Each structure stands twice: as C-alpha cells, then as structure tokens.
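Worksheet: the structure to be examined is printed underneath.
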Amino acid sequence: MMTLFDPDNTPAHQAPTGGPIIMDGRRPDGERPGGYQSPLLEGLNPQQREAVEYRGPALLIIAGAGSGKTSVLTRRIASLLETREAWPSQILAITFTNKAAAEMQGRVKAILGQGADGMWISTFHSSCVRILRREAENAGLSASFSIYDSADTKVTLKRIIKSLDADTLGFTPGNASAKISKLKNELADVDSYSRNANMSDPQEVMFVEIFRQYTQRLRAANALDFDDLIGETVYLFRAFPKVAALYRRRFRHILVDEYQDTNHAQYSLVRELTRPVDPELADEMEATGVHVRNLRDATGGIPGASLTVVGDSDQSIYAFRGADTRNITEFERDFPGTKVILLEQNYRSTQNILSAANAVIGHNFDRKDKKLWSAGGDGEKIVGFTAYSGHDEAQFVADEIEVLHSAGMAYRDMAVFYRTNAQTRALEEILVRSAVPYRVVGGTKFYERAEIKDALAYLISVANPNDELALRRILNTPKRGIGPATETGLASFAEANQISFRQAMRDCASLGLGPKVTGAILKLAALLDEAALKIDPANPAGQANVSELLTFLLDGSGLLTLLRGSRDPQDEARAENIEELVAQTKDFNKENPDSGLVDFLTQVSLVAAADDLDDASGTVSLMTLHTAKGLEYEAVFLTGVEEGLLPHQMSANEPGGPAEERRLFYVGITRARQRLYLSLAMTRAQFGDINVAMPSRYLQEIPVALIDWKQSPGMANSRGGTQPRALNARRDGFGGGFAKRGEPQALPPAPKPKTEWTNRVSQVRDNGDLTLAAGDRIRHVDFGDGRVNQVTGDGTKRIAHVQFDTAGAKKLLIKIAPIEKI
DNA sequence: AGGTACATACTTTTT
DNA sequence: GTATGTACCT
C-alpha cells in the first residue's frame, strides 16, 4: 500500500496543465484517432458533463445527494488522463474513507486500465502519513512513527492528568482530548495557544500544562495523533518550502470529495498544496535535476495546481470534529476564478423520499436553496411506525426486513440507521432472534478489541522502540508478574537517566528488583530486540514479513498459547481474534509483497468504520447515521427518530446543533433508493432505566401526505400537557384515534390500515396509580392477554414483566402501557 | 502481584 | 447495563 513515490520519476516530457494534448506515442495504449468520441460523457446530463470537461484553476461542484458525484469525479479524473492533460502521478484525489478511495481507484482503472497507476487516491490522513513518513526527518520524526488513535490519546492524557492531579480542576481524558483535538484542527499548538491564554485562570494554566506534556510525550514516543497527521504536514510545508515545492510540482490536479466536512487544518493543507512555486525555487529544482521545464509559466514559476472540490453544505455533519462549511461557502472568495456547477438531479431516490428530504432540510435557514428532483416517479410512501419500546421498534424493523426479503429484496440492499451506537443492542437482540443476517458496520471495531491491541502493541514496539505506550501495554500482557509498581519504577528510571523506556527495560538489572521480575523484563526486552533484528535491513539473514514477525512475537510471548489454555470461555474468542489477525497479516503480505511492518500498522491505524463494509456479504447493514454518509441502499430504516436522540440531547445547547442534527436526518433520508421507514419508540431504555421519549421535531417537517403511519405517534402524547409542543403544529385534519398494530405484521403490499396520527393533547394515556402485582392478569391493546410475573422499579418507572399468552414475554412501563387489569 | 467484590459514572456522532 | 475504579483478601 505504501508505494513511496519518487518526485523525480515523472518523465521529462510530461504535459503542462491545461496545455495541448501531447500525442507523443510513447505510451503503449496508443493514440486516439481523430474525431474520437469519448465514452466518458455517455449518459451524463449537461451539468455533469460540464463538471467532467471544465478546465480551470478552481472548480466547485455543489452536488446534492444522489446526484452522481462519484461518477462525475471518476470520469473527470479519467478524462484528465485520457486526454493526456495529466499523468496519473500528477493526480491527488482525497476521499472521505479508504473504501471510497479504493472504489474510485477501481472505477478509474476500469475505464483506463494500466494507465491509471501512480495516482494518489486516498483519505486526507493516508496521504499525510505517506508524506510524513517520506519526509520524517524534516518533521523531526523517525519514519516508523506510531499513530495514536483516540484510545491511545486518552490513555496518555489519563496518565498526565493523574500525575498533575488535574482531575480536581475538572479535567478528564475525554474533555482534555476533545479540547486538544479542537485546537489542533485549528492548527494551534501549545505555544500559540499559551500565548493567548488567560494565565490568571488556574484551569487555563493547568490545561496548557496538560497540552504541553501531551505534546512532549508524543514527541518522545515518536508518535502522532490523528489530528497531528494533518497539522504536521501543514507545518512541514510551511517550514520547508523546498519540500512543499516538490509536492506542489508533483500534484497538478487536486480533487477533494466531501469538501463540506473539511476542517481548517485540511483546508490549509489544500491551500498549501495548490500554491504556485516561485521562479527561484523552480530554478533551484531544475538545478538539482528535478524536471520542471514543461511546468513553468511565463514568470518562470510553476502555477498552482488546479483544484476541484465536491460537496454539499446540506450534508455537513462533522462540525463537532471541526468541519467548517465556510470552506465551501467561501470557496469562491478563497479561490478567485472559481467555476461553480450545481448538480441537482437525483438518480437515487423516489420523488416521495426526495420531497421529504427537501421539506426537512428546507427548515434550515442560512442555506442556499437547492431542490433535489427525480425523474423516477413518486414511488412508495414513506412508512412510519411508533413502537412502545426500543425492542418493539426493533421487532418492527426485523419484521419489515423479512417482508421485504420475501418480496425479493436482498438483505444486502437494506440498512438500519441509528443516531447512537448504544441503539444497536436492542436491534441486535431482535435481529438475532428473528434470524435476520446482519452486520454492524463500525461500532467496536476489530482493531479496538483489547487482545488485538495487545498483539499490535508487540508489533508497534518492534517498529517504533520509542513508543512507551505500546511497551507499557505489553509489559505485563500476558501476565509476567510485573505490576504497576515495577512499571512506574521503570518509567521513572528512564526519566531520571534520560533513556527510553525500552532501554530502561534492558538496564533493569540495576534497579534492584526481585530476580523473578528482573528476569521477566529482560526476557521481554530480548524478545523485542530479537524481533527487531528480523526486520533490520542490515540483517544478512534476510527480512521477515509481517506475519512471520507476528507469529514469532506471539510464540515468544506466549500470548496466544495462554489464551488457548485458559478456562475462561471468552478467552477462546480472544484467541480466535488473534488468529484472525494473523490471517490478516498473511493476506497483507500476499496483497502487498513490497510492503513491510510499518505499512501494515499504518493501514490498520487508518481503517474507518465504513471501510470494513463488505459488499459481498448478504447481510443487512447496521450503522450510525454518520457512517451512512456516502452510502445508499434500496431500503433504509431510520430508527429512533425521537427528541433527545435525533436531535440528540447533547446537541441541544450547542450553537448550530439542532441544524446539524437536521442535516444528519437529511443524510439518512437521502440514502434510500426505494423504501424509507421512519421509526421511533415511546419509551427507550438507557442508563439501565426506561425513559419516555417524544417524537422528533423533524417528523412534523415532513408533509403528512408522504408518510403512511402504520402506527402513529398520537399515543406518544401521553403525559398530560407537559410536553412543550405537540408533534404537528397544525391542529386540523387529524382525526382518528389510536392506531392498532396488526398482529405479527401485515403482508407485503398489505392493505394498509390507514391510520393518521393524531395530535390532540387531550388524548392522554396515563394509567395513573394502576397497581399491578405478580399473578395479575392484564389485557394489552396489541399483545392481548397475559399474566404479570413480576413488578420492578418504582414510581412512574414501575415495570411489569408480563408473560403474554400469544405474544411472549414483554416488559411494560405500567404508567403508559396500553393495558388494563382484567 | 493478582484476584474478587462491590461501587461508581458514563454514552453523540469519528478520521 | 456496562466499563472502570477501589478496597480488601489471598
């Protein structure tokens, strides 16, 4: 994966940007005959066609959801290559996920074949790692630097906060890392921050100290966190104009997808890369043998690369991560001479789905009005469903999935979205029970499992001996009798003698520890040293590949063997996971024969949630709304459309929060091609107890005629007049009472029980002080008769555990459940 | 050093 | 309801 490029490897006769097509006949795939009509434009509408063909310094493509932007971007790249306006190596395309990058690379290759090799199509983070590893020395790093994920960052901060007693001032690893991340996204560092900090505020002083120590620890460990990857690359370019010039010269066409979600650091990176090269620097490059002649303009410098960005401010959902839509709204100002192209025709969804999406997003003010439209017809109505609980909602989803499946839709064409990862539990429980094949995309990722992180820490310790975090992780994993006391002893020994933790391990004999402990430490140090020798380029015995190295470390440490021998049944699963990792390293060796340990670790560090999405798996996909961005499915279930969840409680106080949540809802809606299901629950279990939920404010923004409520939220208005606002502001035209949920589920195109939701606050369901005890028999509106087995909780949160005669066991919130005693 | 038992606080979204 | 932290025991 990590094919490092040589800035000098591009031929001297390369075509200047935007210049005439060079038909030099030196490329084997041959000349095009005159009058040749490129198939690249086939099937494109006029706007898409222009987006492919336009040439100029800057192009902004405002691409509504489903408007075919990936296709446009792909064909634009193919067009640049096909016309010989650019060599593959001159193209840098930035996507949001590695998966999107791989897909784009595949599509361009499918069009052009071999002529596509050498392009950089990757994420911001991957591109930056590539640059930083190559230029590590200038950045003050070694090329095998570690990449810290958020968990690593938190562990580091936790240690710092503990040593500073900063928790007394309210610092937690969570809030400190959030603040540091935010600053780094703004390209601030400790020094620039402390210059403007209010140092009379003790909390501020403490934060600066935390930030400083954190920066120092990462430096000492030869490590960068996610945000550093971008920031350090920008710093590198700013501090070393000659290094920057190499990349500015190389990348003549830069394309950025999902531009609305770029933050300031990423914006700055794009800026740096698209700056022109001064004539003097160009002279200097030429003098050192870098081919620049064909690139130089009248002034003798190299003009800035052409920049294409694609985005949609309505789909900006990463403000919490520093994304700034001003990057897109002010693009024309930032890059004078920008051409703007609007793609509004949607090729994905039915008109009903689009009308709902338009209506929802129309409630955000401060946006350029943009209406998606489709030529594909209205399609089915959106299906709405109000469940009694999260489990009930999950059951609805499972049932509808089965309905769709038996009507011929493949599982892989369906997806279930939710706002928070915590919602997966109920869904998974029911899907397992209903035997629906599913896959959770993202969530707790494979590489975040403890045993995998342990195994990886062994590899990291070999690749980067300065990584104290990784060393301390494996110090007593598996158990070697090295406790926390010994660990801190080693750390302070290292600190006092200005040596690395690793060296401290080698020298631990002078620490006067017990013979057993000393022996254990020395054995581990020797194991790591021996492993390092196996990948030392100077080793005459040759190089071990990643899987050989991992196997060696696992054997030497006994990690896998001990898990195998354990009686704990969970350890068996852990052992299997480690075996899976070994298998992955073997695959990696096979697919990347020229890549080594550091490349493998890089790849592992930068996998995104959506990356491990396997299209071939015949399963329903479960994911958060954030992960869903950029994907599409025939049928989409958008669950938990409730106040407090969507919009999420946490966003309520943040400026722009509710608007961002609305965009999130909009993103979810627009993922659906044919069928869209919106569901919510009247009560939701969280924190171990059950809370009453209210329909999301966004639901009332969808025109009533577009939704067919299988069960309306009318009965959600069941708490007296306490709620601030009823679901739908209109007070007329909503007759009807409670909807009845048909037994198990209605059949496919089902005669839909037309149930409009009602809005009358007077319609209160409140069982008041209804008391139930074990043994009572009750009747439930939907579940029929049943017997109370147990009552738990108290006050308004009393729960009856009921065994229904036909519907099975359920838990009901007594106060609001549609039940009566019989 | 390491295990167990109980208490506690936390849950937004992610490269 | 879970993951983490503390106290106490072996």
Side-chain angles (χ1 to χ4, degrees), chain A residues 94-101 122-129 147-151 153-155 158 162 167 172-175 177-178 181 184-185 224-231 258 261-263 265-266 316-323 390 417-426 429 441-445 447-448 450 475-476 478-487 513-514 516-517 520 568 602 604-611 623-629 640 644-654 657 660-661 663-665 667-668 684-691:
Chain A
I94 304 285
T95 57
F96 199 67
T97 62
N98 294 300
K99 179 170 183 280
S122 59
T123 63
F124 270 111
H125 291 85
S126 300
S127 306
C128 287
V129 171
I147 300 168
Y148 279 11
D149 66 14
S150 7
T153 292
K154 292 217 172 84
V155 171
K158 195 171 173 181
K162 196 166 183 190
D167 52 333
T172 64
N175 62 30
S177 84
S181 172
K184 287 186 175 180
N185 286 332
L224 297 178
D225 64 23
F226 279 136
D227 302 312
D228 287 334
L229 296 178
I230 316 288
E258 308 283 11
D261 283 323
T262 51
N263 59 35
Q266 291 164 333
S316 167
I317 53 174
Y318 283 101
F320 72 92
R321 210 168 78 186
F417 300 157
Y418 36 83
R419 177 65 233 268
T420 66
N421 283 307
Q423 288 166 255
T424 49
R425 192 178 309 138
E429 239 171 69
V441 181
T444 346
K445 281 169 268 171
Y447 296 111
E448 284 169 10
L475 193 61
N476 199 30
K479 301 266 181 290
R480 302 188 169 88
I482 305 171
T486 311
E487 187 186 329
L513 297 159
K516 246 170 137 181
V517 180
D568 185 342
T602 302
V604 166
S605 301
L606 298 179
V607 287
D611 290 341
M623 68 190 82
T624 65
L625 284 164
H626 284 88
T627 305
K629 191 177 74 156
L645 213 47
L646 188 70
H648 195 277
Q649 195 59 51
M650 289 304 198
S651 73
N653 314 319
E654 289 167 27
E660 173 144 323
E661 299 281 308
R663 290 193 292 271
L664 201 48
F665 187 44
V667 165
R684 196 166 286 278
Q686 53 188 171
F687 259 126
D689 58 19
I690 294 171
N691 296 310

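Just so you know, these numbers come straight off a predicted model, no measurement behind them. Per chain, numbering begins at 1; letters A, B, ... match sequence-line order. Values below: every heavy atom of this structure, side chains too, minus hydrogens, waters and symmetry copies.
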task = Applying side chain to side chain donor-acceptor pair (under 3.5 Å), run through A:Asp225 and A:Thr153 and close with a yes or a no.
result = CA-CA 7 Å; A:Asp225 64 23; A:Thr153 292; 4.6 Å; no
inquiry  = Mind checking if A:Tyr318 touches a base, just sugar-phosphate, or nothing, with heavy atoms under 4.0 Å?
reply    = sugar-phosphate
Pairwise 5' ranking along DNA chain B for A:Thr624 and A:Gly481, keeping only the more 5' one = A:Gly481
request  = Report the C-alpha distance between A:Thr602 and A:Ser605 in whole Å, list the side-chain angles of each, state the deciding distance to 0.1 Å, and finish with yes or no for side chain to side chain donor-acceptor pair (under 3.5 Å).
outcome  = CA-CA 5 Å; A:Thr602 302; A:Ser605 301; over 6 Å; no
request  = List for me each residue that meets side chain to side chain donor-acceptor pair (under 3.5 Å) alongside A:Thr262, sequence neighbours excluded, and say none if there are none.
outcome  = A:Asn327
ask   = When rounded to the nearest 0.5 angstrom, what is the spacing between CG in A:Leu229 and CG in A:Leu606?
value = 6.5 Å
ask   = Roughly how many Å is it from CZ in A:Arg684 to C1' in C:dG1, rounded to a whole number?
value = 15 Å
inquiry  = Distance check needed: B:dT13 C1' versus A:Gln423 CD, whole Å only.
reply    = 11 Å
query = Is any side-chain nitrogen or oxygen of A:Thr627 closer than 4.0 Å to OP1 or OP2 of B:dT14?
reply = yes
key: B:dT15 OP1/OP2 closer than 4.0 Å to side-chain N/O of A:Thr97   = no
Integer-rounded Å distance: B:dG2 P and A:Arg480 CZ = 11 Å
task = Whole angstrom is fine here: how far is it from CG in A:Leu625 over to C1' in B:dT14?
result = 14 Å
Gap in Å between the two C1' atoms, one belonging to B:dT12 and one to C:dG5, rounded = 24 Å
note = Result for 5'-nearest mapping on DNA chain B, choosing between A:Val517 and A:Arg321, is A:Val517
query = Mind checking what makes ring pair (Phe, Tyr, Trp, His ring centres under 6.0 Å) contact with A:His626, not counting sequence neighbours?
reply = A:Tyr318, A:Phe320
remark   = Whole-Å distance, A:His125 NE2 to B:dT14 C1', equals 9 Å
task = Assess whether side chain to side chain donor-acceptor pair (under 3.5 Å) is satisfied between A:Thr624 and A:Thr627, documenting all intermediate values.
result = CA-CA 5 Å; A:Thr624 65; A:Thr627 305; 2.9 Å; yes
ask   = In whole angstrom, what separates A:Lys479's NZ from B:dG2's C1'?
value = 8 Å
query = For A:Phe226 and B:dT13, what is the distance between atoms CZ and P respectively, to the nearest whole Å?
reply = 16 Å
Which atoms of nucleotides 6-12 of chain B (N or O only) lie under 3.5 Å from a protein N or O atom, and what are those distances?
from: B:dT12; atom 1: O4'; to: A:His648; atom 2: NE2; distance (Å): 3.4
from: B:dT12; atom 1: O2; to: A:Arg419; atom 2: NH1; distance (Å): 3.1
from: B:dT12; atom 1: O2; to: A:Arg419; atom 2: NH2; distance (Å): 2.3
from: B:dT12; atom 1: O4; to: A:Glu654; atom 2: OE2; distance (Å): 2.7

inquiry  = Salt bridge or not between A:Asp228 and A:Lys184? Use side-chain N to carboxylate O under 4.0 Å.
reply    = yes
request  = Using a 4.0 Å heavy-atom cut-off across all strands, classify A:Asn476 as base, sugar-phosphate, or nothing.
outcome  = sugar-phosphate
ask   = Heavy atoms under 4.0 Å, any strand shown: does A:Ala685 hit a base, just sugar-phosphate, or nothing?
value = nothing
ask   = Across the strands shown, which category fits A:Lys158 at heavy-atom distances under 4.0 angstrom: base, sugar-phosphate, nothing?
value = sugar-phosphate
query = Nearest-Å distance, CD (A:Glu448) to P (B:dT15)?
reply = 9 Å
